[in-house]
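Read through the structure below, which is laid out as structure tokens, and then see the notes.
The sequence lines fix the lettering, A, B, ..., with proteins before strands; numbering per chain opens at 1. Being a predicted model, the structure only gives us computed values, none of them experimental.
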Amino acid sequence: MGFKELDKVYDPTKVEDKWYTYWEEHKLFHGDETSKKKHYSIVIPPPNVTGMLTMGHILNNTIQDLLIRWKKMQGYETLWMPGTDHAGIATQNKVEAAIAEEGLDRHMLGREKFLERVWEWKEKYGGIIFKQLRHLGAACDWDRECFTMDENLSFAVKKVFVSLYDKGLIYRGRRLINWCPKCYTALADEEVDNVETEGKFWDLAYPLADGSGEIIVSTTRPETMLGDTAVAVHPEDERYKAMIGKKVRLPLIGREIPIIGDEHADPELGSGAVKITPAHDFNDFEVGHRHNLEQISVIDAHGKMNENAGHYNGLDRFEARKKILADLENLKLLRGERNKTVAIPKCYRSGDIVEPHLSDQWFVKMEPLAKPAIKVVREGQIKFHPKHWEETYFHWMENIRDWCISRQIWWGHRIPAWYCEHGHVTVSIDEPKACVECGSTNLEQEQDVLDTWFSSWLWPFSTLGWPDDTADLKKFFPTDTLATGPDIIFFWVARMIMASLEFMDDIPFKDVYFNGMIRDLSGKKMSKSLGNSPDPLWLINGVDGKDITAFSKVNPSYKKGVPAYGADAIRLTMVYLTPLGGDIKFDHTLIELGQKFTNKLWNASRFVLMNLDEDQPVLLLKDIPESNLEMADKWILSRLNRAIIEIEKSLHDFRMNDATHALYSFIWTEYCDWYIELIKSRLYDSENPEKQQVARSVAVYILDNIVRLLHPFMPFITEELWQNLPDVLHQESDVKSIMSQPYPKAETERIDASVEKDMTLLQQIIGAIRNIRGEMNVPPAKEADLIVLGASKAKQALIKSSSHSIQKLARVSHITFDNERPKLSATAVVQGMDIVVPLAELIDIEVEKSRLSKEIERIDKQLAGLSKKLSNRDFIARAPKDVIDKEKEKQENWQTSLKKLEENLQLLLQD
RNA sequence: GGGCGGUUAGCUCAGUUGGUUAGAGUACUUGCUUGACAUGCAAGGGGUCACUGGUUCAAAUCCAGUACCGCCCACCA
């Protein structure tokens with residue numbers, strides 16, 4: 001015994017950090033841009049610089065790591081590019097909250113000092129998530145770690161801005177945009193969540209200026225009436241047609257505004273007449289354009305009424321609403337109030353109600369960029385997995401609207417545009433000396449910064465060195481797979497495709513894998529604020545309930561703490577549970593699946609390794625003569641190769657869960673439950689060292705394949721086990737690591753259908769005996785005899801040659817054929833043979849009777865259905881021949897079984 | 001309002017192009033400290049595949065509709 005005996009229980013905490021350090025030290029995560037090998041690259045969806053690891057990251061990064069490790073073992077030069085996003089609004093909000101505790105706000109500090117504070121924050125808290133990702137095992141190339149505000153990435157941003165500006169695709173304009181009064185900045189359409197809310201719908205009466213009557217308008221936002229510049233009715237609306245062209249006197253303000261005819265007014269809705277406020281409503285803005293209406297802002301950027309709001313000036317917008325309603329009520333101009341669900345636009349960062357706000361902003365004209373990006377997906381150059389997300393993509397891209405890219409915050413890439421005192425704009429990568437139009441040297445840079453996504457849409461090539469023509473770009477671009485969540489399909493995925501086609505003249509990636517969302521068991525999205533998400537590091541490293549203080553409303557089940565499941569167990573569980581693109585309802589107890597599997601693998605390996613012997617070398621499979629392989633050996637080799645094919649196919653199709661299932665059942669059911677049990681007698685048979693050696697060698701050969709197949713799924717335990725395998729199995733490599741070993745390839749010549757068929761028979765016989773024993777509650781210690789009736793010569797031979805296995809696995813002493821059967825015996829039918837277990841003193845006749853009756857009833861029922869099918873003339877006439885043959889064969893088999901079972905039951909009833 | 005997804009065992013989920021006796025893990029029942037593993041072994045019970053109709057020789061699977069759940073998009077003020 002020269003092999004190290006493994007611990008009885010696998011402890012991930014003893015293993016995981018050790019191997020991660022080893023891999024990192026030996027540069028096994030490094031992508032070599034000078035390599036001659038084919039490349040495979042992935043860019044990480046950059047987490048926010050202040051981000052913390054969530055369960056969603058666990059799933060997303062496990063999938064990326066799985067792909068990278070799989071491809072690396074397959075011989076590709078792999079690169080997994082890590083990096084973080086500066087996340088403008090989110091990060092600025094965080095730092096502002098932090099300085100608020102010191103009684104400061106950013107304006108007190110000023111731009112420069114404030115940014116210093118953000119950078120300090122970034123240095124301190126940025127990248128924590130990457131320390132956490134290391135615990136997960138992520139094989140990121142940390143030497144290349146990027147940040148969206150790195151010098152070269154910032155240069156890329158400026159270069160892109162100038163290029164699009166020069167092409168006329170970036171413009172500046174006074175538009176109505178989504179404004180968050182809390183974040184004090186413009187937002188893109190995608191940054192606004194429309195939340196259905198119970199609201200009110202008020203009817204207001206506007207008197208006609210000539211005193212001839214009034215017109216009723218309906219609104220959900222009465223406070224904006226101060227900015228009304230018209231009332232619109234449908235031009236075909238008989239009720240109001242005659243009023244078009246007349247004027248109304250706006251209550252409270254007294255301004256005279258026209259009644260106009262416009263199809264925007266829906267006669268079905270409310271009174272059919274609608275107030276028009278071009279400065280505070282997107283529709284009204286359009287109507288205003290059509291009719292040349294004045295745009296009067298009455299709400300300022302802080303959400304307060306402004307000087308145009310008369311004596312409401314200075315009031316908060318919602319207080320103003322109350323006041324205005326009360327005042328109209330007093331004037332008897334408030335004519336109705338109804339409940340109505342309305343979609344309230346909210347800022348996805350702060351949650352504050354977004355205000356349509358008239359201001360000068362920068363925009364990207366998207367349509368010309370979208371066209372080629374639609375094409376590459378439609379033509380299949382880029383494939384989405386699951387495919388149905390392509391529909392969502394097309395729908396958005398075909399109706400794309402211009403992208404508002406300016407943000408009125410400080411943390412981000414400052415827009416490279418300068419204004420002179422005459423209002424001319426100069427756009428340039430470097431600070432210009434003089435205005436391009438008038439030559440003025442009195443220039444001031446734009447105060448606004450760019451939307452965060454304006455840097456992340458360049459991510460697949462800016463991280464590789466663009467705009468320089470780098471070796472990295474040549475080697476690793478376009479990247480291969482993008483794995484991300486469908487929630488950022490518009491924010492990020494679509495824009496990366498557009499940017500890449502525009503600036504690289506190529507697609508950014510070939511496949512996009514959308515992982516599902518992690519929910520809690522009640523189906524709610526997991527989030528820290530809901531307190532329904534565990535900290536993933538608790539699950540990896542374990543935590544005592546006392547230490548859980550991170551969240552205010554922690555799920556009670558975490559208060560007791562959780563054991564150290566280890567990264568491998570979590571990874572395996574996640575991919576086992578994740579259907580292509582489907583959501584996962586998650587609870588930490590589900591990880592027991594992975595934990596148990598980890599322990600099973602560990603112990604199976606422990607068993608195989610403890611049975612090796614230094615004095616008896618392990619034979620390589622190619623050195624074992626075919627004739628020395630027993631049925632069990634051939635069978636497990638056959639099954640291994642089928643599993644390899646299945647895994648390869650599943651991973652290729654991004655069906656990670658199928659690949660995981662294939663591995664799981666191969667390892668647990670076939671290798672552990674059957675193969676290892678079958679070879680035990682050979683392993684223990686020191687009288688027959690040659691057979692022993694073959695059994696040992698095949699067992700460890702399969703184990704070697706198992707750990708390599710499993711490595712992308714469970715990197716740590718497989719490295720630990722692989723390192724413990726005999727050296728003869730290790731292929732030479734620069735660094736001794738499973739990461740440098742080849743991924744198993746299928747050897748189809750090892751697939752042997754006839755051996756599998758024989759094995760099935762054996763399993764069925766053993767299963768039948770076990771079933772009898774189990775139903776009768778026969779203790780394992782009691783051995784029984786076995787009589788097989790009606791077996792063909794071939795089957796007899798097979799049973800004889802495997803008699804030892806049957807005896808061992810089914811706890812049988814003697815096996816005989818065609819003996820007379822004792823009256824008191826339990827019986828089963830397998831492939832037309834009677835399996836008779838004479839257990840006179842062991843069995844309960846009544847139990848056996850009911851067992852047989854139940855079985856007869858079951859087969860009878862099935863047979864009835866089948867007979868009906870086969871007597872259907874249409875079925876015979878129209879179904880394919882092979883289907884009919886199969887059904888007929890089935891019928892014969894069942895009929896035989898039924899007959900035999902009935903005979904057996906009769907024998908028992910005779911007593 | 002439009003679009004997309006879902007509804008299969010108590011729970012979490014598989015089920016690829018229609019043809020299996022509808023599966024896995026877990027939970028449950030029973031028997032086992034069987035020379036790797038009680039985080040284990042063996043056996044067992046449990047499903048009218050949401051509902052209704054249609055296509056077909058044949059539907060969990062294809063089509064239409066209904067109900068419920070979820071997500072996304074949209075200017076009904």
How would you label the contact of A:P880 with the nucleic acid (heavy atoms, under 4.0 Å): base, sugar-phosphate, or nothing?
base
Phosphate contact (B:rC13 OP1 or OP2) by A:R519 side-chain N/O below 4.0 Å
no
OP1 or OP2 of B:rG44 under 4.0 Å from side-chain N/O of A:N771
yes
Between A:E263 and A:R290, does at least one N-O distance fall below 4.0 Å, as a salt bridge requires?
no
Does a side-chain N-to-carboxylate-O contact under 4.0 Å join A:K649 and A:E646?
no
Short N-O contact, A:K275 and A:D284, less than 4.0 angstrom
no
Nucleotide nearest A:N657 (side chain, heavy atoms from C-beta), chosen from B:rU21, B:rA14, B:rA36:
B:rA14
Across the strands shown, which category fits A:R401 at heavy-atom distances under 4.0 angstrom: base, sugar-phosphate, nothing?
sugar-phosphate
Phosphate-side-chain proximity, A:W668 and B:rC41, N/O vs OP1/OP2 below 4.0 Å:
yes
Presence of salt bridge, A:K14 and A:D7, under 4.0 angstrom
yes
Using the C1' atom as the reference point in each nucleotide, state the distance between B:rU33 and B:rU16 in Å, no decimals.
44 Å
For RNA chain B, report each stem as range with range, ordered by first number, or say none. Use Watson-Crick or G-U wobble pairs under 3.5 Å, at least 3 in a row.
B:1-7 with B:67-73, B:10-13 with B:23-26, B:28-32 with B:40-44, B:50-54 with B:62-66
Do A:K680 and B:rA36 share a donor-acceptor pair, side chain to base, under 3.5 Å?
yes
What's A:A877 touching, base or sugar-phosphate or nothing? Going by heavy atoms closer than 4.0 Å.
nothing
How is A:D281 classified with respect to the nucleic acid when contacts are heavy atoms under 4.0 Å: base, sugar-phosphate, or nothing?
sugar-phosphate
Is the Lys NZ or Arg CZ of A:K680 less than 6.0 Å from the centre of A:F607's six-membered ring, within 45° of the axis?
yes
Salt bridge A:K890-A:E887, side-chain N to carboxylate O under 4.0 Å:
yes
Taking the C1' atom of each, how far is B:rG47 from B:rG10, in whole Å?
12 Å
Pick the nucleotide of RNA chain B nearest each of A:D673 and A:A604; which residue has the one closer to the 5' end?
A:A604
Which nucleotide in the list B:rA36, B:rC73, B:rG45 gets nearest to the side chain of A:K600?
B:rA36
Check A:E857 with A:K854, please: is the shortest side-chain N to carboxylate O separation under 4.0 Å?
no
Taking atom P in both B:rG70 and B:rU12, compute the distance separating them and give it to the nearest angstrom.
15 Å
Looking only at side-chain N and O atoms, does A:K886 come under 4.0 Å of OP1 or OP2 in B:rG19?
no
Which part of the nucleic acid, if any, lies within contact of A:F201, taking any heavy atom under 4.0 Å across all strands shown: a base, the sugar-phosphate backbone alone, or nothing?
base
Determine whether a donor-acceptor pair (one donor, one acceptor, N or O, separation below 3.5 Å) exists between the side chain of A:E592 and the base of B:rA27.
no
Look at all strands and tell whether A:E775 reaches a base, only sugar-phosphate, or nothing, counting heavy atoms closer than 4.0 Å.
sugar-phosphate
Can you tell me how far P in B:rA60 sits from the matching atom in B:rU48, rounded to whole Å?
13 Å
Would you say B:rC73 has OP1 or OP2 under 4.0 Å from some side-chain N or O of A:Y393?
no
Under 3.5 Å donor-acceptor pair, A:K8 side-chain atoms to B:rC37 base atoms
no
Counting any heavy atom closer than 4.0 Å, what does A:R873 reach on the DNA or RNA strands: base, sugar-phosphate only, or nothing?
nothing
If I pick the C1' atom on B:rA36 and the same atom on B:rA24, what distance separates them, to the nearest angstrom?
24 Å
Select base, sugar-phosphate, or nothing to describe what A:D487 touches, counting heavy atoms under 4.0 Å on all strands.
nothing
Using heavy atoms to find the nearest nucleotide of RNA chain B for A:R221 and A:W396 separately, return the residue whose nucleotide is more 5′.
A:W396
